[in-house]
2 protein chains.
Amino acid sequence: MSIEPVRRLRRSPEAARQNILEAAERLLLDRGPQALKLVDVAKGAGVAHATVLHHFGSIDGVQTALMEQMIRQLVVQILTAVRPVDPAEQLESVGQVLFDAFESAGGARLAAWLELTGETRRLTIVRAAVEEVISGPMAQKGIAPETATNLILVAVSLAMGVGLIGRSLAELVGRPPESTRQAALDFLNAGLAAALKP
Amino acid sequence: MSIEPVRRLRRSPEAARQNILEAAERLLLDRGPQALKLVDVAKGAGVAHATVLHHFGSIDGVQTALMEQMIRQLVVQILTAVRPVDPAEQLESVGQVLFDAFESAGGARLAAWLELTGETRRLTIVRAAVEEVISGPMAQKGIAPETATNLILVAVSLAMGVGLIGRSLAELVGRPPESTRQAALDFLNAGLAAALKP
DNA sequence: GGCTCTATTGACATTTTTGTAGGTAACTCT
DNA sequence: AGAGTTACCTACAAAAATGTCAATAGAGCC
C-alpha cells in the first residue's frame with residue numbers, strides 16, 4: 001500500500017492574502033475584533049495558521065492589512081456612489097448610500113474598531129475623499145464649503161450611530177430593526193433640505 | 001535583623017470590587033476592550049491578579065460586572081437630567097445631556113463594546129427608561145408616542161456616532177474636535193423644533 | 001491576648017495564542 | 001523531464017493570559 005501524497009491547494013500570493021483577509025473580515029464583522037485570533041482566521045480561510053504568518057508576518061500584520069483594505073473599500077463605495085451623477089435628485093440618495101456603507105457593509109464596525117483601538121490615524125486617506133465631495137458635487141449644488149463640511153460631519157456621525165446600534169436600539173424599544181434607519185433617513189433628509197433652502 | 005511582615009491594604013469587598021472596576025473602566029476607555037487583560041486590570045487597581053479573580057471569579061466576570069455598572073450609570077445620568085424638570089426650555093438641553101453622556105462619559109464606547117461583542121441583550125434595562133421618557137416628559141409636551149420613539153431613535157443614534165467618532169472625524173477634515181458635536185447639536189435641535197411645530 | 005473570618009498574595013499549573021523551523025508539494029521556466 | 005522558487009504544511013517552542021492553591025495578614029470579636 002503506497003502512501004499517497006497530500007493534495008495541496010496552492011494560490012497566488014495575492015489570492016492567498018485575499019482569501020485570508022476575507023476570513024478575517026467575516027470574523028470581525030460577526031464576532032468582533034477580539035475574535036481575530038490567528039488560529040481562527042486560519043481555520044476560516046481553510047489554511048494552516050503558519051500560512052497566515054507566512055503571508056502577513058504576524059497577527060498584527062493581518063489586522064493592519066484588514067483595516068487598510070476595509071478603509072479603501074469604504075471610501076471607494078461611497079465615492080463611486082456620490083461622485084458626478086446627475087445633480088438632480090441626488091440629495092435623497094446620499095443618505096441611502098451613507099447608511100448602506102456604514103450598516104450593511106461593516107463601515108460602522110470598522111470605524112468603531114479603529115476608534116476603540118486608537119488607530120484612527122489610518123483614516124487620513126479619507127480626507128482627500130471628503131474634499132473631493134465638498135469641492136465637487138456639493139459645490140456644484142451651490143453649497144458653501146463651511147456648510148458642506150458641517151453637513152458631512154453630521155451625516156457621517158448619524159450613519160455611524162445608526163449603522164452600529166440602529167438595529168439593537170430599535171429592537172430594544174420594540175420596533176422593527178429597520179425603523180431606526182428609516183427614522184434617521186427621514187430626519188436627515190428633512191434637515192438637509194431645510195439647511196439648503198434659504 | 002528581623003523580617004518585617006509585608007504591609008497589606010485590606011478593603012471591604014464592595015470597595016475592593018469598586019476599585020477594580022474603576023481600573024477596568026479606565027483601561028476600557030482609553031485603550032479599548034482588548035486591553036482588558038487580567039494582569040493589566042490588576043496592575044491598574046494596584047492588586048495581585050489573584051485578587052481580581054477572588055472578587056469576580058474570572059476575567060469574564062470582570063467584563064460583565066463592568067458592563068452592567070456602566071449601563072446603570074449611563075441610564076441614571078440621562079434619566080436624572082431628562083426627568084421632570086421645567087418643561088420649558090428643556091428641549092435644547094436634551095441634546096447636551098445626550099451628547100455628554102455618550103461622549104465625555106464613555107457611553108459611546110460602552111455601546112460600541114456591547115455591540116461588537118454581541119452583548120446588547122444587557123441593554124434591556126434601558127427599555128424601561130425609554131418608556132419613562134416617552135410617557136413622561138415627552139408626553140407632557142404633547143408628543144405622540146410614535147413620534148417620540150422616532151425622535152429618540154434618531155437622537156440616540158446621532159449621539160452615539162458623535163460620541164464615538166466625532167472628534168476624530170473633525171480632526172480628519174481639519175476642524176477643531178468639538179465642531180462635530182456643535183454641528184450635530186445644531187442639526188438635532190433644528191430637526192427637533194421642526195418636527196414638533198406643526 | 002487569642003480566635004475566626006476572609007481579603008490578599010506569591011508560586012505554581014493550565015490553557016490559549018503566537019511564533020519558528022524544516023521539510024514537502026505545486027507551479028514556472030528552461 | 002529537471003531545476004528552482006515558494007506557498008503550504010506539520011511539529012515544536014515560546015510567550016501570554018488565565019486560573020488554582022495554600023499560606024499570610026488585616027480586622028472584628030470574645
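Keep in mind it's a predicted model, so treat the numbers as computed, not measured. Heavy-atom basis, side chains included; hydrogens, waters and symmetry copies ignored. Lettering follows sequence order; numbering is per chain, from 1.
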Going by side chain to side chain donor-acceptor pair (under 3.5 Å), name the residues that satisfy it together with [X], two or more places apart in sequence or in a different chain.
X      : result
B/Q63  : none
B/D186 : B/Q182
A/R181 : A/Q96, A/D100
A/Q69  : none

Salt bridge (Lys or Arg N to Asp or Glu O under 4.0 Å) filter on A/R17, not counting sequence neighbours, yields none
Salt bridge (Lys or Arg N to Asp or Glu O under 4.0 Å) filter on A/E146, not counting sequence neighbours, yields B/R175
Which atom pairs, one a donor and one an acceptor, fall under 3.5 Å between side chains of residues 112-128 of chain B and the rest of the protein, sequence neighbours left out?
{"from": "B/E115", "atom 1": "OE1", "to": "A/S168", "atom 2": "OG", "distance (Å)": "2.8"}
{"from": "B/E115", "atom 1": "OE2", "to": "A/S168", "atom 2": "OG", "distance (Å)": "3.3"}
{"from": "B/T117", "atom 1": "OG1", "to": "B/W113", "atom 2": "O", "distance (Å)": "2.6"}
{"from": "B/T117", "atom 1": "OG1", "to": "B/L114", "atom 2": "O", "distance (Å)": "3.3"}
{"from": "B/E119", "atom 1": "OE1", "to": "B/R121", "atom 2": "NH2", "distance (Å)": "2.8"}
{"from": "B/E119", "atom 1": "OE1", "to": "B/R122", "atom 2": "NE", "distance (Å)": "3.0"}
{"from": "B/E119", "atom 1": "OE1", "to": "B/R122", "atom 2": "NH2", "distance (Å)": "3.4"}
{"from": "B/E119", "atom 1": "OE2", "to": "B/R121", "atom 2": "NH2", "distance (Å)": "3.4"}
{"from": "B/R122", "atom 1": "NH1", "to": "B/E68", "atom 2": "OE2", "distance (Å)": "3.3"}
{"from": "B/T124", "atom 1": "OG1", "to": "B/R121", "atom 2": "O", "distance (Å)": "3.0"}
{"from": "B/R127", "atom 1": "NE", "to": "B/E131", "atom 2": "OE2", "distance (Å)": "3.3"}

Phosphate OP1/OP2 of D/dA7 contacted by A/T51 side-chain N/O (<4.0 Å): no
For a quick test of reading the model: is some side-chain N or O of B/H54 closer than 4.0 Å to OP1 or OP2 of D/dT20? no
Collect all protein-nucleotide pairs involving nucleotides 2-4 of chain D in which both atoms are nitrogen or oxygen and the distance is under 3.5 Å.
none

Take the C1' atoms of the five end pairs on each side of the helix from C/dG1-D/dC30 to C/dT30-D/dA1, get both axes, and report the angle to 10 degrees. 10°
Of all the heavy-atom pairs spanning A/A129 and A/L79, show the shortest one and how long it is. CB-CD1, 3.8 Å
Rounded to the nearest angstrom, tell me the gap between atom [atom1] in [X] and atom [atom2] in [N].
X     : N      : atom1 : atom2 : value
B/R7  : C/dG10 : CZ    : P     : 16 Å
A/Q34 : D/dA17 : CD    : P     : 14 Å
B/L9  : C/dT6  : CG    : C1'   : 14 Å

Once rounded to the nearest 0.5 Å, what's the spacing between atom CD1 of A/I143 and atom CG of A/N150? 11.5 Å
Let me confirm one number: the CG-CG distance from A/L158 to A/L185, rounded to the nearest 0.5 Å. 9.0 Å
With 3.5 Å as the limit, what N/O pairs link the protein to nucleotides 16-19 of chain C?
{"from": "C/dT18", "atom 1": "OP2", "to": "A/L38", "atom 2": "N", "distance (Å)": "2.6"}
{"from": "C/dG19", "atom 1": "OP2", "to": "A/I59", "atom 2": "N", "distance (Å)": "3.1"}
{"from": "C/dG19", "atom 1": "N7", "to": "A/H49", "atom 2": "NE2", "distance (Å)": "3.2"}
{"from": "C/dG19", "atom 1": "O6", "to": "A/H49", "atom 2": "NE2", "distance (Å)": "3.0"}

Under 4.0 Å, counting only non-hydrogen atoms across every strand here, what does B/A50 touch: a base, just sugar-phosphate, or nothing? base
Any side-chain heavy atom of B/R26 sitting closer than 4.5 Å to one from B/R31? no
What about B/R8: does its side chain form a donor-acceptor pair under 3.5 Å with the base of C/dT9? no
Contacts of A/A101 that satisfy side chain to side chain contact (heavy atoms under 4.5 Å, CB included) - sequence neighbours left out: A/L74, A/Q77, A/I78
Evaluate A/L164 against B/M160 for side chain to side chain contact (heavy atoms under 4.5 Å, CB included), listing each step before the verdict. CA-CA 9 Å; A/L164 196 59; B/M160 175 71 201; 3.5 Å; yes
Nucleic acid contacts of residues 10-26 of chain B, taken as heavy-atom distances under 4.0 Å to DNA chain C: B/R10, B/R11, B/P13, B/A16
